[in-house]
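Quick caveat: nothing in here was measured; it's all calculated off a predicted structure. Chain naming here is simple, since letters A, B, ... match the order of the sequence lines and numbering starts at 1 in each.
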Amino acid sequence: AGLSKVKVAFLMPDEGSTRYEEHDAPGFRAEMRKLCPSCTVLYQNADGDASRQQQQFNSVISQGAKAIVLDPVDSTAAASLVKQAQAQGIKVIAYDRPIPSTRADYYVSFDNEKIGRTIATSLVQHLKSIGASTDGGVLEVNGSPTDAAAGLIKKGVHEGLASSGYRTLAEYDTPDWLPAKAQQWVSGQISRFNKKIVGVVAANDGTGGGAIAAFKAAGVDPVPPVTGNDATIAGLQLIISGDQYNTISKPSEIVAAAAAKVVAALLQGQAPSSNATLFDTPTQLFTPSLVTASNLKQEIVDKDVNGKPIEAPAVLCTGRYAAGCSKLGISP
Amino acid sequence: MDDPTLLARRGELVLSLRGISKHFGAVSALTDIELDVHAGEVVALVGDNGAGKSTLVKILAGVHQPSSGTMRFGGKEVTLADPGAALSLGIATVFQDLALCENLDVVANIFLGRELGPLGLDEVSMEIKAWTLLRELSARIPSVREVVASLSGGQRQTVAIARSLLLEPRLIMLDEPTAALGVAQTAEVLNLIERVRDRGLGVVMISHNMEDVRAVADRIVVLRLGRNNGVFTPDASNHELVSAITGAAENAVSRRSDRRRAMMPPPAAGEEARP
Amino acid sequence: MDDPTLLARRGELVLSLRGISKHFGAVSALTDIELDVHAGEVVALVGDNGAGKSTLVKILAGVHQPSSGTMRFGGKEVTLADPGAALSLGIATVFQDLALCENLDVVANIFLGRELGPLGLDEVSMEIKAWTLLRELSARIPSVREVVASLSGGQRQTVAIARSLLLEPRLIMLDEPTAALGVAQTAEVLNLIERVRDRGLGVVMISHNMEDVRAVADRIVVLRLGRNNGVFTPDASNHELVSAITGAAENAVSRRSDRRRAMMPPPAAGEEARP
Amino acid sequence: MSSSNLVDRGDERLKQSVGVRGAIRAFLDRVRSGDLGPLPVIVGLVIICTVFESLNDVFLSSNNLVNVLYDSSTIGVISLGIVCILMVGEIDLSVGSVSGFASALLGVLWVNANWPVWLAVLAAIAAGAAIGFLYAQLFNRFGMPSFVSTLSGLLAVLGLQLYILGQSGSINLPYGSPMVSFGQSLFMPAILSYALVLIAGIGVFATGYRTARRRQAARLSSRSTASIAAVAIVLTVALEASVFYLNLDRGVPWMLGFFLALVLMLHYALTRTRWGRSVTAVGGNREAARRAGINVRGIYTSAFVLCSVFAAIGGVLSSARLASASQQAGTGDVNLDAIAAAVIGGTSLFGGRGSAYSALLGIIVIQAISSGLTLLDLSSSLRYMITGGVLAVAVIVDSLARRSRVSHGRA
Amino acid sequence: MSSSNLVDRGDERLKQSVGVRGAIRAFLDRVRSGDLGPLPVIVGLVIICTVFESLNDVFLSSNNLVNVLYDSSTIGVISLGIVCILMVGEIDLSVGSVSGFASALLGVLWVNANWPVWLAVLAAIAAGAAIGFLYAQLFNRFGMPSFVSTLSGLLAVLGLQLYILGQSGSINLPYGSPMVSFGQSLFMPAILSYALVLIAGIGVFATGYRTARRRQAARLSSRSTASIAAVAIVLTVALEASVFYLNLDRGVPWMLGFFLALVLMLHYALTRTRWGRSVTAVGGNREAARRAGINVRGIYTSAFVLCSVFAAIGGVLSSARLASASQQAGTGDVNLDAIAAAVIGGTSLFGGRGSAYSALLGIIVIQAISSGLTLLDLSSSLRYMITGGVLAVAVIVDSLARRSRVSHGRA
Ligand SMILES: Nc1ncnc2c1ncn2[C@@H]1O[C@H](COP(=O)(O)OP(=O)(O)OP(=O)(O)O)[C@@H](O)[C@H]1O
Ligand SMILES: Nc1ncnc2c1ncn2[C@@H]1O[C@H](COP(=O)(O)OP(=O)(O)OP(=O)(O)O)[C@@H](O)[C@H]1O
Ligand SMILES: [Mg+2]
Ligand SMILES: [Mg+2]
């Protein structure tokens, strides 16, 4: 049975990075258009507000959506939304963040905990390889204290650092993921620990950039390795210029496309395939890829998603970054 | 100081101040003030601008606390922590700045703090009573449901006076009650003061109008630069009073009247006049 | 309406109103007002509370816009969109509510909008000038660097009057300028009005004090309930004036004076008195 | 004219408003002087609704309106508290945090500590009251500006919220419990909703009629029985129609009923009790109120406490609505929305002017805009821009009306 | 006493303050009447610093102080704008958004569109001015409460910011460019900083001396040359010591110098020009100002425009400091911090009272607390609670002082 003229909702949680607007939503739309040209996609972003997400959820139900892809702002609050929708025969696909207490119809995600673990262990390996003294330690810049995803990343980071041999000098939950707050905190820690800081685990590229700015402002040269996450253009450019150590590339288009496929299957009464079961929900987990200077070309520029690179050289290698690009072998 | 002829008429001592002083920063607004008010007596408080009359009234109304001095009311020593305390002792005050709430209507202002029916305001009764009070004062107010902000100066003053009639006080203080009033309203207020006095209340009235003062006062207390400057009877001459107020026999008032009468050189006399 | 004996003395027509009306919602505060003011003339505007005197002054000062009617100033028809327009025509006003900024000190208030040295205030010169003005008015203000909020009622009024002396206006309007003033200060203000008149300015003065009015006014214009109710000369009898103001020969004032004189039944007479 | 011998119509300067002509003239006078109460805001709301409905016809569907009303109820309750505090000329920046803390406390006590739900709710409300009392003490004893004390409170209470939620970060409220049903799916029986509206209509008529008779007896001007009846009938019909429309779908949410009951109670308290009069007086002229013997400190205390209590109730309702108590509860726009609702509805930030209805109208405006925009498929950047623009348009009508009031000297 | 024949000492009720005794008595009088200017806030600041220093001795290290001053400069500039708008009794809730938008515009024009940096900065500032002008028009023409218009602005401008940053979301500003160096690592030469302080000291003495001579000539009371010199010397020594301390490490940031210059300029404008007088008058009593012939609308316009311009400058500085222009710039606490700084420093929310110094002191208090807490290892829940508590304590001193002013009838 083909699909036609169905409304599908794609509800994203926040504005913390541009990925939802720039990658996830277009990716989902593109795949849906392929699977069902006459279907409508309703896209909403809750700007980090659980109540607004509930409002958006109710509103798409009012508009007659038959399936809802939900990246919950607040995983617990989402539980009741799922129940409410399922009671009306609407399919709910958990996206990106799980909904632990209620069984959604499906779960598609990157593994946030694993992201935390990956950036941490990658940093630790790097520190060991450059022979950073274990007398020193690392700073840990976490995400927002009121963000569930940040909590998962933080957990992963803790695991990754646990037996690394490097102390955690101090850690900080950055309010609202604000780079300026991260910068202020790291500046304070530089006054406190100065040369003892051998590296910084930052939970996303924004806070990582804040940490780098703090070192630059304090005149620390070279800047100790700083991690990131989300592979934003700004973050990638900092890797190209050698200021940031790593980031995590989550080709969201792939996941979004997978979600679209799941939606299509569920709406046609089929059971989509899964590669795991989490929280009693059939799950498809994607492994994010770690990006450092050494594999940036391969992971970002050369990797092909829907017929185009994740980020084109023309976008990355502007102005001052051209030199760095050519060093990495990226030609515009 | 007390004229024995007056003692016959007046009743018990309602209020008695001793050594009251009040400083505002570097300014001593009042220094060692003494004042007695008896039941059934109208005491006029007069003095130049800034002499401290309103400050004294505010201290008696609990608005300001004195820097030093004692106050006895009804024979007992009292301290008035706030205006509520003064009101509950039975001291009603019409302030010079009126102290009305501009965002409330006339009725609400008259009954402020003493509304009928605290849990379900009785607006009809309050409106009736308000009209009655205002008529008593010959007020010219088109509507008692207008906010006070839209009233004329004299209308506001009438409202403030009407407020004070609601209480059953033992002492009533009126700080320049007729300053903004028309001739008819002024006459009514003077009548009112006499009626209130005759009911056995103590009255303190402040005014710059010597005629009004003389018309109703039983005793005239003069303040000058924050100090007592004599007590007069209403039959004291205008010249005497003005000298006590301004602190000089030769002053703007006498110069003006002299000039108007003709060109007659006034006799030089500069020392303070005490009766 | 115009007494020919007066025409000799007064100069050109400064201000002339025809058919001015003003409504506030359902209240008609002014209806068809006519008023002429000549150079070198003091016009007293009298009337009961709420008669519309202040409203008229506010219209002339550009504070309110009239609902209808025309205004000519210096021979030209003008509309005053805001107080700035009136000021720049040369109309200075002392408002009944004074319109001072309580958060500014005395000097700042006197010079408000006309500060010396716009890009680098000349505080010293302003302070000197302020003291000079205040002394002229016999003011009793301890310090001109106190905020106006801490001044007494009369002190504030003096400040407001001092403000108006700064301008070189062609018409000066004083809305109850002496209401809160002491005897000496009142005398100074009356002197001042005469001086100003003699310099050829037009003066409009509002007062409830018939004595003051008679002392300085060249013409007395009576308003009643928002309408013109006659023009008098200063030698009109008190009874005449009060009747025009209250609209009845038998009124609170006459009753009070009658009662005080003795018990004599007043002659009943109720129609409006027009000269 | 018979009216001229009425006590309050004696002044010849008053235009008489007798009969239909008079009523129309009086209304025009009011329009011109800007004294229109909530009318301009309602006009703004109608404009918004028309535009959104024309863009997406789901907007005015019964189902969507129910959602809007649900969402309005939670923040609306918080906004009622804001009305109280704005009326005395102070502000509370911490209502968001307090509501979040209350919901966290509810979750912790009820779900984690197994308290009975009513006790947990009471505890949450009591905590709110305690916070308000603290602000009042800081204000009355130290004279700390409420902006600063409640800003400190915002931070401190948010800290408390994070602290008591601890590791878990968020707590599920049991789905299907009466509390959560109340917040999500409890509707009035249709017949009850019709009856309540009818009772309200009769109440309006009865009080109006009683007042008119008493005023007549006292020879005061009064509204004619016909006009009282007309108003009551129009009101009843309009409300019955709305209720009918809502009943087409799910019906009238109990939560809305609860919110409206609070609005009416606060309205009564503000306009018909000595306390309300005192609140208005303190907000208008604190010193005058003090001199009238009003216990000014007590009034401030009551306003602060009420504000925090309403915030706590709002927090409990929000968590019932979301079926969750989390670290995020009360963060985001809650503060600004609650304050903005009161201000949009016409309550002054400077004290002394406001009404309980302003919270109701304001929050409906805000939620209508928000809901209308979620129905359009917009990127966040556009949504922000349009929200800002629409908000301004919604208020412009009211501003213009009020401006004419100012120019008529009755600001 | 020779002073008694001075023009302004003629009133016998004035206590004479001659000589040392008199000076002490005058000071005690001022303490008692609460007329202490910024002293109480400074006392609060000293308390905070002492406590934090005792908890972690890095706090008062030269290095950390430089950080605190850098962070203070960015939001401090925004707070200067808030002082302007609060002075006229209005508010601007959108300074955060405007600063974010300005930084985004800078990033887009400078980095992406390759404009020269000065032109991009000018464009950002002009955009700020345009936004402020729009608010002023809404206020002057429609009478829209600034709370509502700037709330709309907050949303709309945030939308614009997201929009122009589009897909990139955040833009790196080039490290090593003069702009970023200015925000991060440009310090005054030590000798210049000493010289500037000296010049300031001499300036204080010179103006004081000149005024005193003119007042003497006019027979007005005046400060003695000795006391003028004493104040100038104490001030100079204290400032030179601070500068010396900062120079132990990196020195005095140019950005701080820029901020201080703006503070001094605004202070001069508010206290020594007709414009500043008019601003104070409009904030104190709008109607009185209008009747004095002041162009009230013009004053409002200038205040709104200045506020947005300062916000835009602050945004440019923040992005220089962070070396990045992102969608998150200007969100978070920027609004509240900027307003709180002005209020904590003693500017009234109700208009007519305030000073440029309040922004300086207030923001230093806020950033000192924030920095002090980053140096302690605290969980976020504790950090929030302590921030709230410390803020309250910092303000309590000032509140108490001001309360005594109120009870002395000079609120
Ligand atoms: N709150 C205050 N702060 C500082 N000074 C004050 C305050 N209140 C009054 N003063 C000063 O105290 C003195 C007396 O003022 P007060 O108001 O008592 O005068 P008054 O006799 O009522 O004068 P008037 O006849 O003008 O009303 C004045 O010089 C005034 O400046
Ligand atoms: N802004 C306003 N809004 C509504 N009504 C007003 C307004 N201003 C004045 N009025 C009304 O207009 C009438 C005239 O007021 P106005 O102030 O001109 O009286 P007045 O003659 O100055 O009286 P007074 O002698 O008491 O000062 C009053 O009844 C008053 O209620
Ligand atoms: Mg007085
Ligand atoms: Mg008047």
Requested in this report: Taking atom NZ of Lys83(A) as the centre, report whether more than 12 heavy atoms of other residues, nucleotides or ligands fall under 6.0 Å from it.
Outcome: yes
Query raised in the report: Between Lys181(A) and Asp176(A), is there a side-chain N and carboxylate O pair less than 4.0 Å apart?
Result: no
**Report entry** Contacting region of Arg383(D) [heavy-atom separation from chain A under 4.5 Å]
**Finding:** side chain
Query - Validation row: Val95(D), Cys307(D) side chains within 4.5 angstrom (heavy atoms) - result: yes
Report summary line: Correct closest heavy-atom pair for Gln44(A) and Leu373(D) would be NE2-O, 4.4 Å
Report summary line: Applying a strict 4.5 Å limit to non-hydrogen atoms, the region of Ser371(D) in contact with chain A is both
Query raised in the report: For Gln184(D), is it the side chain, the backbone, both, or neither that has a heavy atom closer than 4.5 Å to a heavy atom of chain A?
Result: side chain
Query raised in the report: Does OH in Tyr245(D) sit with more than 12 non-hydrogen atoms of other residues, nucleotides or ligands closer than 6.0 Å?
Result: yes
Report summary line: Assert top hit (heavy-atom pairs under 4.5 Å, partner chain A, pool Leu376(D), Asn172(D), Asp71(D)) equals Asn172(D)
Query raised in the report: With a 4.5 angstrom heavy-atom cut-off, which part of Asn56(D) approaches chain A: side chain, backbone, both or neither?
Result: side chain
Report task. With a 4.5 angstrom heavy-atom cut-off, could you sort out which part of Tyr70(D) is near chain A: side chain, backbone, both or neither? Result -> neither
**Report entry** Proximal component of Val73(A), with respect to chain D [non-hydrogen, under 4.5 Å]
**Finding:** both
Query raised in the report: Are Lys250(A) and Val255(A) close enough that some pair of their side-chain heavy atoms sits under 4.5 Å apart?
Result: no
Report task. Answer with side chain, backbone, both or neither: which region of Ala50(A) has an atom nearer than 4.5 Å to a non-hydrogen atom of chain D? Result -> both
Query raised in the report: So what's closer than 4.5 Å to chain A heavy atoms on Asn67(D): side chain, backbone, both or neither?
Result: side chain
Query - Side chain proximity check, Asp249(D) to Ser61(D), heavy atoms < 4.5 angstrom - result: no
Query raised in the report: Of the listed residues (Gln55(A), Gln84(A), Gln56(A), Gln53(A)), which shares the most heavy-atom pairs with chain D below a 4.5 Å separation?
Result: Gln55(A)
